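Source: prediction; values computed, not measured. Convention: sequence-line order gives letters A, B, ...; per-chain numbering from 1.
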4 protein chains.
Amino acid sequence: MNQKNIKNNDKISLRRAQLIKAAYRVLSKKGYHDFTIRDIAKEAELSTGLVHYYFKDKQDLLVSVLKDINENLRNFLNKSFENVDSPVEKLNIFMRHAFELARDEDYFSVIFDFWTLSNSNERMHKANMKLLKSYRIECSKIIEEGIAKGIFKTTEVEYITAIIISVIQGMIIQYVIDRKAFDYDLYAAKISEQIFTLLTGKSDIKP
Amino acid sequence: MNQKNIKNNDKISLRRAQLIKAAYRVLSKKGYHDFTIRDIAKEAELSTGLVHYYFKDKQDLLVSVLKDINENLRNFLNKSFENVDSPVEKLNIFMRHAFELARDEDYFSVIFDFWTLSNSNERMHKANMKLLKSYRIECSKIIEEGIAKGIFKTTEVEYITAIIISVIQGMIIQYVIDRKAFDYDLYAAKISEQIFTLLTGKSDIKP
Amino acid sequence: MNQKNIKNNDKISLRRAQLIKAAYRVLSKKGYHDFTIRDIAKEAELSTGLVHYYFKDKQDLLVSVLKDINENLRNFLNKSFENVDSPVEKLNIFMRHAFELARDEDYFSVIFDFWTLSNSNERMHKANMKLLKSYRIECSKIIEEGIAKGIFKTTEVEYITAIIISVIQGMIIQYVIDRKAFDYDLYAAKISEQIFTLLTGKSDIKP
Amino acid sequence: MNQKNIKNNDKISLRRAQLIKAAYRVLSKKGYHDFTIRDIAKEAELSTGLVHYYFKDKQDLLVSVLKDINENLRNFLNKSFENVDSPVEKLNIFMRHAFELARDEDYFSVIFDFWTLSNSNERMHKANMKLLKSYRIECSKIIEEGIAKGIFKTTEVEYITAIIISVIQGMIIQYVIDRKAFDYDLYAAKISEQIFTLLTGKSDIKP
DNA sequence: CATGAATGAGATTTCATTCAT
DNA sequence: GATGAATGAAATCTCATTCAT
């Protein structure tokens, strides 16, 4: 590939990224039902035609947004774990990150949209499966590392993982839908603690 | 209220129920994105005009569907608890019912739709809050009854309730999105058991 | 079918006919490439939505126009032949009618459009086949009647029919594309005469 | 004109020819309705921008395609007649060539497209007139040569020419639209024979 | 009450054409 | 000459909502 092509590809990637970002912003602001290609174009300060130049159709753009979210998760975790050795600390980072998602007003509205689209769009369905799987895989890796290092004492990595993801996710949903349902921060802390108890058999680990 | 009005109201209720049911069926079949007023009218074998006679607009109908779901939950639990005294048995029924929701292919796609709509529609948002609250209230009532009867030994009813709802809900979502993610029945059973352990302090209670 | 349905169907037929007529007018004025659904709606003084209410899509409307043309041909011939017994006179009417089509500035532009669409649209293709077949069938019927009555003396009805249709059609095309190519009326008269010669063996029959 | 300009012009001609060929291929494959400038560029393995460098606009390109077809006709006939003296043989070649056009699946779809465009585009209209005129002129030349050589005995060259073009063209159209309408080869042979009869006076039918 | 024809705003999508590189 | 990213106008089609009957 020559110099020129590299430049072009960079430009293409740039535009795609720009549009994906704009789509994410619009999506979270207006929700899938009301957002239009025109909104995205306006948000990105580009023409509507260009959106279709880079993405086959609306659904293609949305799938790309979801894939982008997935990639961001991996990047975030990779970066965060760079200088961290302790599995306990890693799990803490992981859970804190997960609980923090509820902070971002928009993130879960977008996720809801994607779940909804899962039904009618197979590509979206697969991307959703992949994102959830990513969460489970990252979580399992940490737990297994903890077991290998003799810190965690469970034999049921997958089950514990499913529980962790479930309880965090379920908590977030309730909180996102009803911010006054309970003291989210307190419950998040308690749950973290309880999970460590479950994993280590002691309750004195401080997150 | 005279005889005629009663009759009319009955008929109105009948038509409304008929349309709500049709809306639920269409909604679960096609998802929010593709369903139309015409679909509902056809499903109910009525005219499109009539839908707007009984419901202000599309959103009004959808809110009514959600409220209907809420009512059904209460009715179901009331009926199920009619001849049951044991809080343990009640909690079992409650959790089994909740886990069973994942069985119904359609139920959670509809719920996803409603969550999504929560974002842009305040009435829908409120209805969603109410449904989640209903779950928490019903669950809390059972736990408090168990405490009163000396069977459950927790002081944190609300927290435990939130955990129960969260873990079940989170489990369902993962399962609905990826039916092969894990052995749902096994995990459901394990979770139930673990919740009873949490509540009673013993692990030998068989659900 | 009750009185009401009949009324409704009449109304439906009315609207459909109205739109087909409008489509025909617009089509001949602007040609397929430039004509829009909006044009038709405007021509019929109705809304664009209504066009789609009565016709699945643009192509569906066009196929309907072609079918309408076909029907008109049959109706015209049936009516014209009502009090005519002589096959010679019938064939004369038939050929005069055919040659007259070139008079209508629009008719053949529309036909060209349909031929063009034949390629990409199977329904249109079939409708085109049907129209041409209609012409052949009507022509053959007359010739056979003439043979039965001992007036025409050919054994090759189908071949003669194909020739008649071909030469008239080919003549029209040249004339429609180039009005000054030749003396259309003169040539039309000559061709008619020659065809009768071919059929009867004498040349003194005056059309 | 200097050496450089000649080179450039050659290159320009080359590119133009390349694009015209590509346009013809795309046009016959997809038909006017679905073909795009991008299709042509892709087919020619060039960029879309270049199409507009060599042709003012889409219509300009199409007119060029039609002119190209016209030129090809003349070239073909010139070449075919190179070593042929007999007008009978020449007319045979001419008619065979004409009838053969129906063989090429694509040729007449393209011609239909051009006829259709005739309506809304004057340049296209003229190009169409020119192509039809070319056919008549070539045919007339042969007949006149035959008369000069005492082989053909008609005094109505133009009329006979119009008939020949008409009947062949009309035959092709019926065949192109309905391949099973009749035995095309048989009818083509019969028509050729009959035309020669008409021209040589061997039959007793008077034109 | 009930119907469904009619409306019209608005969404997605396509594509000829332009222009900076 | 050559490229292809970018534009933006315009087309088709959908659908909630209205309203005369």
**Study point:** Distance-only side-chain donor-acceptor flag, A:Thr116 / B:Thr116, under 3.5 Å
**Key:**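 Side-chain D/A pair, A:Thr116 to B:Thr116: present.
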Check your understanding: Does a donor on one side chain sit under 3.5 Å from an acceptor on the other, for B:Thr36 and B:Asp39?
Key ->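 Yes, side-chain donor-acceptor contact under 3.5 Å.
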**Study point:** Atom pair CD1 (A:Ile37) and CZ (A:Phe55), whose distance is rounded to the nearest 0.5 Å
**Key:**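 So the CD1 of A:Ile37 and the CZ of A:Phe55 are separated by 9.5 Å.
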Let me know the distance between [atom1] of [X] and [atom2] of [N], rounded to the nearest Å.
| X | N | atom1 | atom2 | value |
| --- | --- | --- | --- | --- |
| B:Gln18 | E:dC1 | CD | C1' | 13 Å |
| A:Lys42 | F:dT7 | NZ | P | 15 Å |
| A:Tyr54 | E:dT14 | OH | P | 17 Å |
| B:Glu45 | E:dG4 | CD | P | 12 Å |
| D:Leu19 | F:dA2 | CG | C1' | 12 Å |
| D:Phe55 | E:dT18 | CZ | P | 16 Å |
| A:Lys30 | E:dA11 | NZ | C1' | 12 Å |
| A:Leu61 | E:dA11 | CG | C1' | 15 Å |

Practice item. Please check if atom CD in B:Glu45 has more than 12 non-hydrogen atoms from other residues, nucleotides or ligands closer than 6.0 Å. Key: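 Counting other residues, nucleotides and ligands, CD of B:Glu45 stays at 12 neighbours or fewer.
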**Study point:** Short side-chain to backbone donor-acceptor contact, A:Asp68 and A:Ser64, under 3.5 Å
**Key:**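 Side chain of A:Asp68 to backbone of A:Ser64, a donor-acceptor pair under 3.5 Å: no, none is there.
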Point to revise | N/O donor-acceptor pair under 3.5 Å between A:Arg123 side chain and A:Asp60 backbone | key: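 Flag not set: sc A:Arg123 to bb A:Asp60 has no pair under 3.5 Å.
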**Study point:** Contacts of type salt bridge (charged side-chain N to carboxylate O under 4.0 Å, His left out), residue D:Lys56, not counting sequence neighbours
**Key:**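 Here no residue qualifies.
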Point to revise | All stems with DNA chain E, defined as three or more consecutive Watson-Crick or G-U pairs under 3.5 Å | key: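 Runs of three or more consecutive pairs: E:2-21 with F:2-21.
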Review point. Given E:dG4, is OP1 or OP2 found less than 4.0 Å from the side-chain N or O atoms of B:Ser47?
Key: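 Result: no.
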Check your understanding: Out of C:Arg25, C:Arg38, C:Gln18, C:Lys21, which one pairs with C:Glu43 under the side-chain hydrogen bond (donor to acceptor under 3.5 Å, both in side chains) rule?
Key ->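 Exactly one option meets the side-chain hydrogen bond (donor to acceptor under 3.5 Å, both in side chains) with C:Glu43, and it is C:Arg25.
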Check your understanding: In terms of ring plane angle, is the pair D:Phe112 and D:Phe108 parallel, tilted or perpendicular, where the classes change at 30° and 60°?
Key ->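 Answer is perpendicular, since the angle exceeds 60°.
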**Study point:** Which residue lies more 5' along DNA chain E, comparing C:Leu46 with B:Leu46 via nearest heavy atoms
**Key:**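 First, find each residue's nearest nucleotide; the 5'-ward one identifies B:Leu46.
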Listed pairs, N/O of protein and of nucleotides 12-15 of chain F, under 3.5 Å:
unit_1, atom_1, unit_2, atom_2, d
F:dT12, OP1, C:Lys58, NZ, 2.8
F:dT12, OP2, C:Ile37, N, 3.1
F:dC13, OP2, C:His52, NE2, 3.2
F:dC13, OP2, C:Lys58, N, 3.1

